[in-house]
Amino acid sequence: MTTTYTYYKNSNTGEILMKQYFSDISFKCPDYFYDWNKKQIDTPDLTGFVEISEKTFNREAKLKARSLNCA
C-alpha cells in the first residue's frame, strides 16, 4: 500500500487543502481531504485550487496557526 499526498491552495481565498490517496491495494478506496490543520473534511469542489508543494503547504499552515494564536 502506497500513500500519496497532494497539496492544494485556492489563490482567491487562500484556503489550503491536503488530499490523501492510497494505491497498490486490492479494493477501491476514495480520496480523503483534510484542511490545513489536518482535520478531515467532505470532498470539496476544487475549482480555483492549484497544486502546491509540501514545503509551501507547511509554511502556509504554520502562518495560519500563528495568525489564529495572535487574534
Only pairs at least two apart or in different chains count here, so list each salt bridge (charged side-chain N to carboxylate O under 4.0 Å, His left out) that has a residue in residues 7-35.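 The answer is Lys9-Glu60, Lys19-Asp31.
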Among pairs that include at least one residue of residues 36-53, which meet salt bridge (charged side-chain N to carboxylate O under 4.0 Å, His left out), considering only residues two or more places apart or in two chains?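 Sorted result for residues 36-53: empty, none.
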Non-neighbouring partners of [X] that pass side chain to side chain contact (heavy atoms under 4.5 Å, CB included), sequence neighbours left out:
| X | result |
| --- | --- |
| Ser53 | Lys55, Thr56 |
| Lys64 | Ile16, Trp36 |
| Thr3 | Tyr5, Gln20, Phe22 |

Less than 4.5 Å apart, any side-chain heavy atom of [X] and any of [Y]?
| X | Y | value |
| --- | --- | --- |
| Thr6 | Tyr8 | yes |
| Asn58 | Lys62 | no |
| Leu17 | Ile41 | yes |

Identify whether Ile52 and Tyr32 are in the same connected component of the hydrophobic contact network (ILVMFWY, side-chain heavy atoms under 4.5 Å).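 The answer is yes; both residues are in one hydrophobic cluster.
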Return the set of residues passing ring pair (Phe, Tyr, Trp, His ring centres under 6.0 Å) with Tyr7 (not counting sequence neighbours), or none when no residue passes.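 So Tyr7 forms a ring pair (Phe, Tyr, Trp, His ring centres under 6.0 Å) with Phe57.
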If I compare all heavy atoms of Asn10 with all of Asn12, which pair ends up nearest, and what's the gap?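 Of all heavy-atom pairs spanning Asn10 and Asn12, the closest is OD1-N, 2.9 Å.
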